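The structure appears right after this line, and notes come after that.
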Amino acid sequence: MKKKIKLLVNFSTIQGMVQIFAALSGFLLVRMLDKREFAAYTIATSLQTILIVLTDSGIGIGLNAVGGRVWQDRAGLSRLVSTAFEMRMKLALYAVPVGMGFSLFLFRQNEVPWLKALSLTLVTVLMLWGLFNISIYGAPLRLHGKYLAVQKLELIAALVRLLLLVALALIYIGALAAVMVATISVTLQAILMRKLAAHFLDFGAPCDPDQRRD
């Protein structure tokens with residue numbers, strides 16, 4: 001009982017800190033970005049949301065459902081992760097062009113210069129690699145009970161983002177800089193999560209047709 005209470009307290013504390021850092025980052029952006037820059041930043045984050053939804057399409061739920069049956073089988077879990085990556089990459093081939101077209105249209109509607117609009121779009125798309133790794137590698141880690149480890153990586157990413165934004169705020173911060181900071185923090189979290197997941201997975205495993213159908 002004491003162990004469960006301690007786990008709950010640790011989980012709640014770390015999650016609370018993540019939310020505080022995220023809220024501080026958001027508050028800083030609201031205070032530092034002017035109306036036009038904040039509009040551009042909002043469009044970029046909308047593109048991020050669109051890409052996440054379109055490239056997931058239930059794969060995350062399926063990953064957890066199928067993973068619950070094979071989580072103790074290293075080879076089976078490795079094939080499942082490779083299958084999920086393959087499926088999300090295929091969906092990205094369709095989602096990225098659609099999302100980029102949508103975001104560029106909105107950028108131009110808000111009179112964002114072409115070069116800046118393209119830069120914001122490309123940096124946001126680059127974030128996909130980190131987001132894929134976080135969502136896919138997070139599943140096997142949680143299946144192995146590494147909840148606190150996953151949370152700590154999320155905490156590190158949130159803290160890095162906040163510190164970078166504070167540092168930039170002392171010089172200059174715009175929509176492009178804010179999106180780049182988000183991409184950097186997400187990429188860092190993904191690299192650390194991939195390294196942690198290596199304890200339970202074999203990278204480069206082949207895809208599994210049966211798991212793909214499931």
Side-chain angles (χ1 to χ4, degrees), residues 12-57 59-60 88 91-136 138 150-193:
S12 302
T13 300
I14 296 175
Q15 190 60 38
M17 293 176 67
V18 170
Q19 295 301 322
I20 290 172
F21 290 154
L24 290 174
S25 296
F27 178 75
L28 182 62
L29 290 174
V30 170
R31 296 291 298 175
M32 297 300 298
L33 296 178
D34 60 35
K35 185 181 293 187
R36 181 167 294 184
E37 288 292 312
F38 191 77
Y41 175 77
T42 302
I43 294 171
T45 55
S46 298
L47 171 60
Q48 175 190 334
T49 302
I50 289 172
L51 293 178
I52 290 173
V53 172
L54 292 180
T55 57
D56 183 86
S57 301
I59 293 174
R88 292 202 72 166
L91 287 175
L93 293 177
Y94 300 96
V96 169
V98 172
M100 289 181 67
F102 172 75
S103 65
L104 287 173
F105 172 76
L106 289 180
F107 281 133
R108 293 303 298 154
Q109 285 291 100
N110 285 270
E111 300 180 350
V112 177
W114 273 110
L115 181 59
K116 187 172 184 178
L118 285 169
S119 298
L120 282 164
T121 301
L122 290 175
V123 172
T124 305
V125 171
L126 286 175
M127 198 186 303
L128 266 186
W129 180 87
L131 294 171
F132 280 4
N133 279 269
I134 291 170
S135 61
I136 292 176
V150 171
Q151 271 195 307
K152 288 177 181 178
L153 295 182
E154 187 177 352
L155 178 63
I156 290 172
L159 179 58
V160 168
R161 183 188 179 205
L162 177 59
L163 293 177
L164 288 175
L165 288 175
V166 170
L168 284 174
L170 299 175
I171 308 170
Y172 168 76
I173 185 169
L176 182 57
V179 175
M180 289 179 68
V181 165
T183 301
I184 290 170
S185 62
V186 166
T187 302
L188 174 63
Q189 182 181 354
I191 292 172
L192 295 175
M193 189 168 287

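Quick caveat, the model's predicted, so the values are computed rather than measured.
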With sequence neighbours excluded, what pairs up with [X] under the side chain to side chain donor-acceptor pair (under 3.5 Å) test?
X: Q19; value: none
X: T55; value: R88
X: T187; value: none
X: E154; value: none

Report summary line: side chain to side chain contact (heavy atoms under 4.5 Å, CB included) with V181: of L168, V160, V186, only one passes, and it is L168

Minimum side-chain heavy-atom gap [X]-[Y] below 4.5 Å:
X: L51; Y: V96; answer: yes
X: I184; Y: L164; answer: yes
X: L120; Y: L47; answer: no

Return the [atom1] to [atom2] distance between [X] and [Y], rounded to the nearest 0.5 Å.
X: T13; Y: L155; atom1: OG1; atom2: CG; value: 11.0 Å
X: N110; Y: F105; atom1: CG; atom2: CZ; value: 10.0 Å
X: L131; Y: L126; atom1: CG; atom2: CG; value: 11.0 Å
X: S185; Y: L159; atom1: OG; atom2: CG; value: 10.5 Å
X: I59; Y: F132; atom1: CD1; atom2: CZ; value: 8.0 Å
X: S135; Y: L128; atom1: OG; atom2: CG; value: 9.5 Å

For a quick test of reading the model, state the closest non-hydrogen atom pair linking [X] to [Y] and the distance between them.
X: V112; Y: A117; value: CG1-N, 3.8 Å
X: L153; Y: Q189; value: O-CG, 3.8 Å
X: R108; Y: P113; value: NH1-CA, 3.7 Å
X: A178; Y: L165; value: CA-CD2, 4.3 Å
X: L33; Y: A175; value: CD2-N, 4.0 Å

**Report entry** Residue list, side-chain contact (heavy atoms from CB on, under 4.5 Å) with A190, at least two apart or on another chain
**Finding:** W129, N133, I134

Query raised in the report: Which residues pass the side-chain contact (heavy atoms from CB on, under 4.5 Å) test with L118, sequence neighbours left out?
Result: L104

What side-chain donor-acceptor pairs closer than 3.5 Å can you find for residues 25-32, not counting sequence neighbours?
from	atom 1	to	atom 2	distance (Å)
S25	OG	F21	O	3.0

Query - side chain to side chain donor-acceptor pair (under 3.5 Å) contacts in which one or both residues fall within residues 92-107, not counting sequence neighbours - result: S103-T121

Requested in this report: Any pair with a residue in residues 41-52 that passes side chain to side chain donor-acceptor pair (under 3.5 Å), sequence neighbours left out, goes on the list, sorted by first then second residue, please.
Outcome: Y41-R161

Report summary line: With sequence neighbours left out, the residues meeting salt bridge (charged side-chain N to carboxylate O under 4.0 Å, His left out) with R36 are E111

Query - Non-neighbouring partners of E37 that pass salt bridge (charged side-chain N to carboxylate O under 4.0 Å, His left out), sequence neighbours left out - result: K116

Query raised in the report: Are there more than 12 heavy atoms of other residues, nucleotides or ligands under 6.0 Å from atom CE of M100?
Result: yes

**Report entry** Other residues, nucleotides, ligands: >12 heavy atoms within 6.0 Å of L93 CG
**Finding:** yes

**Report entry** Qualifying salt bridge (charged side-chain N to carboxylate O under 4.0 Å, His left out) pairs, either residue in residues 175-191, two or more places apart
**Finding:** none

